[in-house]
Protein chains: 2
Amino acid sequence: MPTETPAAGAASGARSLPHPDREDIRLAQVLHALADPMRLRIVCALAAAEGELNCADIELPVSKSTCTHHFRVLREHGVIQQFYRGTAKMNGLRRTDLDELFPGLIDGVLQAARLQERRLGAL
Amino acid sequence: MPTETPAAGAASGARSLPHPDREDIRLAQVLHALADPMRLRIVCALAAAEGELNCADIELPVSKSTCTHHFRVLREHGVIQQFYRGTAKMNGLRRTDLDELFPGLIDGVLQAARLQERRLGAL
DNA sequence: GCCATAATACGATGCTCGTCGTAGAAGCGG
DNA sequence: CCGCTTCTACGACGAGCATCGTATTATGGC
């Protein structure tokens, strides 16, 4: 269940990953987070995986530091959810939160991304 | 019909307003254009008006130059359509183009904006 | 205890963006 | 023709961002 609030339990380790509360998520911030090609790719991969994904499971043409940066932007803007599992950090879309706040938005963006990829790929 | 291609006719004056072709519109650019609070407000006003709106009909807490800048960003990223009518410049959403490229996206964003406004206003 | 793995933090750099003010251009009405 | 309204162009300034490399921290296994 990747849509629980991570506050419940504080998990195991000491490394904390601050997530915004659902009511603190702002549309403009979500759109900004989604407006970067790298982050859009991350979100699409996460949505396609339907579950959690390791940070390293998504291949991006950028350095590790930049990758970390993008994941953090997505998390701090309320788009994804992150937690540690051993040395790995797992990622998941905050679908239920986003769907409750902005019904149809994420689906629209994901479908738009798929359509555009198909359109440009089959050019 | 505010959704025609403005290339047909070249209108009256000499002032030209370059619009991107529909197939040149990119999702990331649209999201980026929508990610600014001012521009989001403009788009919402335009959608609510259902027709064309004068630039000055939308009150924004920024200077005139900044306003012009935002309108241009929206136009150059394919979100709105602009043309001159006398000294005024009229604006309209490119709904049909956007709906064809990214079905459901604009509706999702607009509804999300309305929901958030209601949520935050009734706080 | 110690090393390997995975990710972070920090600082730097170059680019983009949002904002503004002022000066200028295009059309309308007398 | 002249002034008024409306928008634009240009330049500037400060902030933010995407990117990187390197040093550091946290976890798990030997």
Side-chain angles (χ1 to χ4, degrees), chain A residues 6 10-19 26 28-43 45-46 52-77 79-92, chain B residues 6 10-19 26 28-43 45-46 52-77 79-92:
Chain A
S12 55
R15 275 192 282 185
S16 65
L17 292 170
H19 290 71
R26 292 292 172 274
Q29 307 237 295
V30 172
L31 291 176
H32 177 225
L34 262 34
D36 184 273
M38 293 299 156
R39 293 197 285 262
L40 198 52
R41 209 193 290 199
I42 293 175
V43 169
L46 248 40
E52 304 112 15
L53 272 186
N54 190 319
C55 266
D57 284 346
I58 304 175
E59 293 209 10
L60 292 177
V62 292
S63 82
K64 219 88 190 273
S65 329
T66 308
C67 202
T68 297
H69 162 69
H70 286 310
F71 275 102
R72 180 168 50 186
V73 170
L74 286 170
R75 169 171 50 84
E76 289 179 344
H77 289 5
V79 181
I80 69 170
Q81 216 171 9
Q82 301 187 291
F83 61 94
Y84 286 101
R85 190 157 69 194
T87 70
K89 189 164 71 172
M90 307 308 288
N91 306 276
Chain B
S12 54
R15 276 192 283 185
S16 66
L17 293 170
H19 291 71
R26 291 292 172 274
Q29 307 236 298
V30 171
L31 291 176
H32 177 225
L34 261 34
D36 184 273
M38 293 300 156
R39 292 196 285 261
L40 198 51
R41 210 193 290 199
I42 292 175
V43 169
L46 249 38
E52 304 112 15
L53 272 186
N54 190 322
C55 267
D57 284 345
I58 304 173
E59 293 208 10
L60 293 177
V62 293
S63 83
K64 220 88 192 271
S65 329
T66 308
C67 203
T68 297
H69 163 70
H70 285 311
F71 275 103
R72 180 168 50 185
V73 171
L74 285 171
R75 169 171 50 84
E76 289 179 343
H77 289 6
V79 181
I80 68 171
Q81 217 171 9
Q82 301 187 293
F83 62 94
Y84 286 103
R85 192 156 68 192
T87 71
K89 188 163 72 173
M90 307 308 288
N91 306 276

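First the proteins, then the strands, lettered A, B, ... as listed; each starts at 1.
- Between the CG atom of A:N54 and the P atom of D:dT27 there is a distance of 16 Å, rounded to whole Å.
- Regarding B:L17, its CG atom lies at a distance of 9 Å from the P atom of D:dA9, rounded to whole Å.
- B:H70 meets the side chain to side chain contact (heavy atoms under 4.5 Å, CB included) test with B:D36, B:M38, B:R39, B:I42, B:T66; sequence neighbours excluded.
- Rounded to an integer number of Å, the gap from CD of A:E76 to P of D:dA18 is 12 Å.
- Atom CG of B:L53 is separated from atom P of D:dT6 by 15 Å (rounded to the nearest Å).
- The CE atom of A:M90 sits 6.5 Å away from atom CG of A:D57, with the distance rounded to the nearest 0.5 Å.
- A:C67 pairs by the side chain to side chain contact (heavy atoms under 4.5 Å, CB included) definition with A:L60, A:F71, not counting sequence neighbours.
- Qualifying side chain to side chain contact (heavy atoms under 4.5 Å, CB included) partners for B:S65, counting only residues two or more places apart in sequence or in other chains: B:S63.
- Residues passing the side chain to side chain contact (heavy atoms under 4.5 Å, CB included) test with B:R72 are B:R75, B:E76, sequence neighbours excluded.
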(Q) What does the B/S/- profile of nucleotides 17-23 of chain C look like, 5' to 3', with a 4.0 Å heavy-atom cutoff to protein? (A) SSBBBB-

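- Here the SG atom belonging to B:C55 is positioned 8.5 Å from the NZ atom belonging to B:K64, to the nearest 0.5 angstrom.
- Summarising the geometry, the separation between CZ on B:R85 and P on D:dC7 is reported as 12 Å, rounded to the nearest angstrom.
- If you check C:dA7, D:dG28, C:dA26 against the side chain of A:T87, the one that comes closest is D:dG28.
- When rounded to the nearest whole Å, the span between CZ of A:R72 and P of D:dG16 equals 15 Å.
- If you measure from atom CZ of B:R75 to atom C1' of D:dA9, you get 13 Å, rounded to the nearest angstrom.
- If you take CD of B:Q82 and P of D:dT6, they are 16 Å apart, rounded to a whole angstrom.
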